[in-house]
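For reference, the structure discussed in these notes is given below.
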2 protein chains.
Amino acid sequence: MPKKELTIVEIAKMAGVSTSTVSRVLNKQDHVNPAKRQKVQEILDRSGFQPSATARAMVSKRTNTFGVVVSDINNPYFTTLVSQIEAAAKDAGYSLLLFNTQTAGGLQQSTITTVEIEAFHRLEEKKVDGVLILGGEIDRADPDADYLDALHQLAQHLPVVIVAQPLKDSGFNFVARYQKLAATTITQHLLACGYHDIAFIGGEPGITITNERLAGYREIMETYRTFREDRVFLSDYYAQSGFDSMTELINQNDLPKAVVAINDQVALGAIRALNDHGLNCPKDIAIASCDAFPNSTFFTPRITTIDHHNTRLAQIAVAKLLNAISPKRYPLGDLSIEPPSLLIRESSGLKGTKS
Amino acid sequence: MPKKELTIVEIAKMAGVSTSTVSRVLNKQDHVNPAKRQKVQEILDRSGFQPSATARAMVSKRTNTFGVVVSDINNPYFTTLVSQIEAAAKDAGYSLLLFNTQTAGGLQQSTITTVEIEAFHRLEEKKVDGVLILGGEIDRADPDADYLDALHQLAQHLPVVIVAQPLKDSGFNFVARYQKLAATTITQHLLACGYHDIAFIGGEPGITITNERLAGYREIMETYRTFREDRVFLSDYYAQSGFDSMTELINQNDLPKAVVAINDQVALGAIRALNDHGLNCPKDIAIASCDAFPNSTFFTPRITTIDHHNTRLAQIAVAKLLNAISPKRYPLGDLSIEPPSLLIRESSGLKGTKS
DNA sequence: CAAATATTTGTAATCGGTTACTTATGTGCA
DNA sequence: TGCACATAAGTAACCGATTACAAATATTTG
C-alpha cells in the first residue's frame, strides 16, 4: 500500500540535471542558473517531493530533532513545559522526540532509573541534536549513581539542558525556578493575612523541589517563631494526597489556621477533604499553593497560588540548547526569569478577592 | 565539546573482524563463532556503543518512530491519550515524534490547516513508520479541502490512524469513541434524577464531537418532549466558556434545573459561575458532563461524568498502527471498546452520592 | 578419503542525500 | 585578443549501518 516516494536521483533525471544541482535548488544555494532553478523547483513542487531527513542526517550529522525526557507528562506543569518547548523548538526548525518516563508517583527507584537510562540510550542512537530533561531522577537531592553516570555519558556526546534545581558541582546545564522564593512568598502572604498556625502539605520527600519549598516555608515560619515539625505532611504531588493529608489534619482535631500546599492539585484535594467535613476554605482554614495550574482560577474557592512563568522557563531552556548547538547562530540573549508572582485569590481569605 | 562516537568500522577493527560480523552480533543473528561473538559483544558493552539509528534507517527503511499530531496537548483528554500512546509504542519498540499544533481554541481556520499540513510534511521527510492523528481539523464535520488532500497524500505514503469520529467515505483508518451514547447516557441520568429543564453548554460548533454529543442530548430531550433550542450554548472546551455560558444563563433569569456540559473543564467553569451568584450545585442546579478528567473527582461538588476509557482507546490506536505496518507480526486482536461508563457523583444531585 | 553440505567470515554494493573537487562556460578588464 | 576570475554544472566520494553474495573453513556422509 505505501506508495514509493521520489528520490533526488529521479527528480534530477526528470529535470535533466545532476543531483547536485537539485540539491542546490532544494537548499536554496547559489550557483544555479535562474531558468534551470525555476524548472527544477517546479518539478519539486509538482511532485510534492520531500527529501529524506534520514539521508540528510547521515551526511550532515544533524537531525533537527530534540529529545525530551519528561517524568510525568500528565502533571500540568510538565504538560505546559512540553507544549511551550515544542513551540519554541518548532520556531527554530526542530522537532521533538518525546520520552515520557512516568516515573513520578510511587515507582521503585531502580525502575525509575532504568527507564530514564533507557531513554538516554534511545536518544543517543536516534542521533538527536540536543536533549531536554524535565524532572525525574535528577529532581532527587541525591540521584542514583548509575543514573548520573548515564547522564554524564549522554552529556558528553550531545548538548543537554536540564529543567530542574541545579545539582551542585555536577557540571550540567540547568534551568531552574525560584522554588524557595515561591515558598517564602506564599508563606509570608498567609502570615500577612493574619494566620500564624500554618501547615505544609504535599511534595515527595527527597525531591529538591519539595526540599526547597519546605525550606522556604520553614525559614519564614521560624523567623516568626511559629514553625512546628508536626505541621509538615509530605507525600507527593497529586490531589489524592492533598485529600489524605487534610483528612489526617482534621482527624487530629487540632486544625491549623492555614495551609501551604505544594501545588494546586494538592490544594484541590485538601479543599475537597475540608468540604467533606463541613469545613469551609477560607473561612475555617485558608489555603495557598504553588504552580498556578490552568484551571485553578475556577476552583471553589479560587486558589491563591504562585505563577512560576513556565512559558518563559521553556523558552530559556530551548534558547540554551540552541546556543549549545550553535553559539554564533543563537547567541545567548537575556536568560533572566522573573521572580515568581503571587496570585492572590479567594482561598487565602483576603477580603474582597476573587479571580 | 561533543565527543565523537564510535562506528561499526572502529569496533570491527578493535575486534579484528569485519563489519558484517559486528553487525551480526549486534542484531543477534546466527552464523557467528561463539568465541568471536563473545569477544565482539564485550567490546560493544565496554565501549557503550550505540549504533546509529539514522544509518540503520537508511538501509532498513524503518525508523522505529511514530509521528503524533495532536491539536492541543494541554487538553487533559489529549494528554492522557499521548501518554498512553507513548507507553504502548515504547512497548513495541517505537519512539514518538510529537507535533502539537495547538489549533484548538479560536485560531483562524486557514492557520489551523497550514500548521497541520506543515506537520504532515515534516513527518514525511522524517520518514516515520506511521502516524497517529489526535483531533484537529479532522474533528470538523466539514474539513478543509487542502487539509484532506494533504492527509490523503500522507496516508498514501505511510500508515495513518486517526483518533476521531469517522469521516464518512474518507477511507481513513479511524478509532472512535461513542460520543452520542455518552450524551444520551448523561442526559438520561439527569432526567432520571428528576430534572426536565436541562441545558447543554460548551463545545465548538461544527466539530463532530460537539455535534454528536449535542445530537445525543437532543434525541433524549425530544423523546421526553422537553427540548428547547434556546437551552443550547455552544462555545469551546475550556473552563472560561463554561463560566461564560452559565453566567449568561443566570443573567437570563430563567435558570434550567440541570446542565449537560461538554466536558469537565466546562462544568468546572459553570460551577464557578454559579457560586459567584450565590447559587449551589447541585441544590439549585445539577450539572453532569463528559470526559472524566483526572481531577474532577476532587472538585466541589464532585462532578458526575462519563469515562470514555481513553487508555483503551490509545492502545487500540497503537495496535491498529502496528498492524498496518506489519500484519503478521501484529495481528489484529480484539478492537472493541467498552461503551462509556457513567460515573455518578455529587454534581447531578442524586442523594447520598460522593466519589 | 573425497565429495557434499553446513557453517563461518569477508567483500562490496546499497540506502538517499550532501559536498569537495573538477571541468566547462561566461564576464570583466587591460 | 588574452588572461584572470566568477559562475554554472557535473562527477564521485562520503555518511554508517545492513545484506546479498562469494570465499574460506569445518563437518558430515558414502
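First the proteins, then the strands, lettered A, B, ... as listed; each starts at 1. What's counted below: heavy atoms across the whole structure, side chains too, no hydrogens, waters or symmetry copies.
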What nucleotide, of [options], holds the atom closest to the side chain of [X]?
| X | options | result |
| --- | --- | --- |
| B:Val17 | D:dG16, D:dG10, C:dG10 | C:dG10 |
| B:Asn33 | C:dT8, D:dA17, C:dG16 | C:dT8 |
| A:Arg24 | D:dA9, D:dA12, D:dC15 | D:dA9 |
| A:Gln29 | C:dT19, D:dA8, C:dT11 | C:dT19 |
| A:Pro34 | C:dG10, D:dA8, D:dG10 | D:dA8 |
| A:Leu26 | D:dA17, C:dT18, C:dA12 | C:dT18 |
| B:His31 | D:dA8, C:dT18, C:dT7 | C:dT7 |
| B:Ser52 | D:dG16, D:dT19, C:dG16 | D:dG16 |

For the side chain to side chain contact (heavy atoms under 4.5 Å, CB included) test, which of B:Asp72, B:Ile73, B:Val70, B:Leu98 pairs with A:Ser83?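 Exactly one option meets the side chain to side chain contact (heavy atoms under 4.5 Å, CB included) with A:Ser83, and it is B:Ile73.
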Among B:Leu151, B:Ile117, B:Thr114, which one satisfies side chain to side chain contact (heavy atoms under 4.5 Å, CB included) with B:Asp146?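 Checked B:Leu151, B:Ile117, B:Thr114 against B:Asp146; only one passes side chain to side chain contact (heavy atoms under 4.5 Å, CB included): B:Ile117.
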Measure the distance from [atom1] on [X] to [atom2] on [N] and round it to the nearest whole Å.
| X | N | atom1 | atom2 | answer |
| --- | --- | --- | --- | --- |
| A:Glu10 | C:dC15 | CD | P | 11 Å |
| A:Ile11 | C:dG16 | CD1 | P | 13 Å |
| A:Arg62 | D:dC14 | CZ | P | 23 Å |
| A:Leu44 | C:dG16 | CG | C1' | 14 Å |
| B:Lys36 | C:dT7 | NZ | P | 17 Å |
| B:Ile8 | D:dC15 | CD1 | P | 15 Å |
| A:Lys61 | D:dA17 | NZ | C1' | 12 Å |
| B:Met58 | D:dT19 | CE | C1' | 15 Å |

When all nucleic acid strands are considered with a 4.0 Å heavy-atom cut-off, which category describes [X]: base, sugar-phosphate, or nothing?
| X | result |
| --- | --- |
| A:Val22 | nothing |
| A:Leu6 | sugar-phosphate |
| A:Ser23 | base |
| A:Asn27 | sugar-phosphate |

Residues B:Arg140, B:Glu137: salt bridge by 4.0 Å N-O rule: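 B:Glu137 and B:Arg140: salt-bridged.
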Is any side-chain nitrogen or oxygen of B:Thr19 closer than 4.0 Å to OP1 or OP2 of D:dT18? no
Gap separating the CG atom of A:Asp144 from the OG1 atom of A:Thr113, nearest 0.5 angstrom: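 The CG atom of A:Asp144 sits 4.5 Å away from the OG1 atom of A:Thr113.
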For residues B:Tyr147 and B:Phe120, establish whether the separation of their ring centroids is below 6.0 Å.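 B:Tyr147 vs B:Phe120: aromatic centres under 6.0 Å.
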Should the pair B:Phe172 and B:His152 be assigned to parallel (<30°), tilted (30 to 60°) or perpendicular (>60°) ring geometry? tilted
Go through the N and O atoms of the side chain of B:Ser20 and the base of C:dG10, and report whether any donor-acceptor pair is under 3.5 Å. yes
Closest-nucleotide ordering on DNA chain C, the 5'-leading residue of B:Val59 and B:Arg37: B:Arg37
